[in-house]
Amino acid sequence: MRLHPAGPAATLAALCAVAVAACGEAPPPADTESAAVTAAPADARPDTGRVYERALVFLGSEPDSVFVVPWLLEVRTGGPTTERHARGWLLRGDVWDPFLETRWETPPLRAPWRPLPHGALRLQVGDGGGLEGLSFVEDTRRLDLSLGPARAEWTGRRGETFRFLDGSLTLAERSLPGLVLDLNRAVEIQEGAPGDWMVLASGDSLHAVVHTPLREAEDRPGAWRGWVRADFRDVPTADLTLDWAAVRAFEAARRDVPVGWTLRSADGTVEGRLEARSFHLVAGEDAGPLLPVDGFFDVEGTLVFEGAEYAVRGLLRHTQGD
């Protein structure tokens, strides 16, 4: 197992070329996209604060060149302004390149969840207003994610949505086919952070996504929820347990972080063993002895679903602390 801490790489700079891109925006619920930035009316109901999370994760399918590209678009409301944070990473093999990191503020908007273009982040919107892709354009570097038709979609109990789409990634005029996870979640700030999530794929045979929902009264503490698509069937999976099977020290945050996991559903329908191939973790700031952790693990292993075993590869979003 090769593990790599956070750090910039020259991968993207060597691959990308200059160009231009169109701008637009897209909401997390099933809604019409719009490029207009419309302020909330003065008599709007007070916003006590929400965190909107949208993730678009490209998983490359070419066996000779493995690419994973997660984009995170986060919005925090409740204050005099709306805070926005956009990030992007390129994982090629086991080398991470954090190519996008930008924060900005806007006035309170009617639909704050809609992503907005800013700086090097460009959004591509179709004639019907739907989000068709994302671009990173800066100096001589360019990366384009194009979104294709949806393969499947699942909505959770609290309105979170997960869609699997066909997609392609363009680097240095080379287009790579793959699968895209489009994840949308929102939580009240007072309820805590949205929590971890993971996407797994086994070619075209199996796709799975699991996440930690907020702890509702009927949830078992620590339970995950998810959804598996196999043999053209969409199967929701509840009461999942993701346990740490191995750990290592992450000295920057003075914490242990997982590098191996076991996954199992209460009814035995889903079982799996995963290990980290590489990671990109960042230690945050805090007054206490333990610092927050924020980042990703590139994972691989096996997943057993309804008795059939699949070799899987995917991405685990992981946070610790505030």
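No experiment lies behind these values; they were computed from the predicted model shown. Counting from 1, the numbers follow the sequence of the chain as shown. Below, all heavy atoms of this structure are taken into account, side chains as well, without hydrogens, waters or symmetry copies.
Taking a 6.0 Å sphere around CZ of Arg76, one finds it holds 12 or fewer heavy atoms contributed by other residues, nucleotides or ligands.
Arg84 contributes a side-chain N or O that, together with a main-chain N or O of Pro112, makes up a donor-acceptor pair within less than 3.5 Å. Not one N or O on the side chain of Gln190 forms a donor-acceptor pair closer than 3.5 Å with the backbone of Glu188.
Inter-residue side-chain proximity for Pro80 and Glu105 is flagged as unmet; no heavy-atom pair is nearer than 4.5 Å. Within the 4.5 Å cutoff, the side chain of Val257 has no heavy atoms near those of the Phe279 side chain. Two residues are said to be in side-chain contact when any heavy atoms from C-beta on lie closer than 4.5 Å; Leu145 and Val69 fail this criterion. Using a 4.5 Å heavy-atom threshold, the side chains of Asp182 and Arg54 count as touching. In this structure the side chain of Ser202 never reaches within 4.5 angstrom of the side chain of Leu303, judged on heavy atoms. Looking only at side-chain heavy atoms (C-beta outward), Val209 and Leu181 come within less than 4.5 Å of each other. Between Val299 and Leu200, the closest side-chain pair of non-hydrogen atoms falls below 4.5 Å. Within the 4.5 Å cutoff, side-chain heavy atoms of Leu56 are placed close to those of Leu131.
With respect to Trp71, the ring-ring contact (aromatic ring centres under 6.0 Å, His included) criterion is satisfied by exactly one of Phe136, Phe99, Trp89, Phe58: Phe99. Remark: of the listed residues Leu183, Asn184, Val187, Leu183 is the sole one forming a side chain to side chain contact (heavy atoms under 4.5 Å, CB included) with Glu53. Partner of Asp294 under the side chain to side chain donor-acceptor pair (under 3.5 Å) criterion, chosen from His280, Arg87, His318: Arg87. With respect to Phe296, the side chain to side chain contact (heavy atoms under 4.5 Å, CB included) criterion is satisfied by exactly one of Val68, Leu72, Val282, Leu316: Leu72. Of the options Leu165, Asp234, Asp204, a side chain to side chain contact (heavy atoms under 4.5 Å, CB included) to Arg151 is made by Asp204 and by none of the others.
Taking CG of Leu179 as the reference point, atom CG of Asp166 lies at 7.5 Å (rounded to 0.5 Å). Rounded to the nearest 0.5 angstrom, Leu176 CG and Thr170 OG1 are separated by 7.5 Å. Going from atom CG of Leu100 over to atom CG of Leu90 covers 12.0 Å, rounded to the nearest 0.5 Å. One distance of note links CD of Glu309 with CG of Leu206; it measures 12.0 Å at 0.5 Å rounding. A distance of 12.5 Å separates CZ in Arg174 from OG in Ser168, rounded to the nearest 0.5 Å. To the nearest 0.5 Å, atom CG of residue Leu116 and atom CG of residue Leu121 are 9.0 Å apart.
Note on Leu290 and Trp244: separate hydrophobic clusters, where clusters join Ile, Leu, Val, Met, Phe, Trp and Tyr whose side-chain heavy atoms are under 4.5 Å apart, directly or indirectly. No continuous path of hydrophobic side-chain contacts links Val304 to Trp224 [ILVMFWY only; heavy atoms under 4.5 Å].
Listed here is the closest heavy atom pair of Trp197 and Ala55: CZ2-CB, 3.6 Å. The shortest heavy-atom contact between Glu275 and Trp261 is C-CZ3, 3.9 Å. In terms of heavy atoms, Asp298 sits closest to Gly314 at OD1-O, 3.4 Å. Of all the heavy atoms in His207 and Ala201, the pair that sits closest is CD2-CB, 4.0 Å. Residue Val293 comes nearest to Phe250 through the heavy atom pair CG2-CD2, 4.0 Å, listed as atom of the first residue, atom of the second, then distance. Considering all non-hydrogen atoms of both residues, Ala252 and Leu291 come closest at O-CD1, 3.5 Å.
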- side chain to side chain contact (heavy atoms under 4.5 Å, CB included) between Phe305 and Val312: does it pass, once the steps are laid out? CA-CA 12 Å; Phe305 177 65; Val312 293; over 6 Å; no
- Message: Run Val228 and Glu306 through side chain to side chain contact (heavy atoms under 4.5 Å, CB included) and show every step you take.
- Response: CA-CA 11 Å; Val228 178; Glu306 295 181 340; over 6 Å; no
- Run the side chain to side chain contact (heavy atoms under 4.5 Å, CB included) check on Trp113 and Thr77 step by step: do they pass? CA-CA 9 Å; Trp113 58 81; Thr77 66; over 6 Å; no
- Going through the checks in order, is the side chain to side chain contact (heavy atoms under 4.5 Å, CB included) test met by Val51 and Arg185? CA-CA 8 Å; Val51 176; Arg185 301 191 300 177; over 6 Å; no
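Between Ser135 and Asp144, the side chains place a donor N or O and an acceptor N or O closer than 3.5 Å (distance only, hydrogens not considered). For the residue pair Asp267 and Ser265, a side-chain donor N or O sits within less than 3.5 Å of a side-chain acceptor on the partner.
Salt bridge Glu271/Arg264: present, at least one basic N to carboxylate O contact under 4.0 Å.
Aromatic rings of His211 and Phe162 (six-membered ring for Trp) have centroids within the 6.0 Å cut-off, being under it.
Classification of the His118-Trp104 ring pair by plane angle, with boundaries at 30° and 60°, yields parallel.
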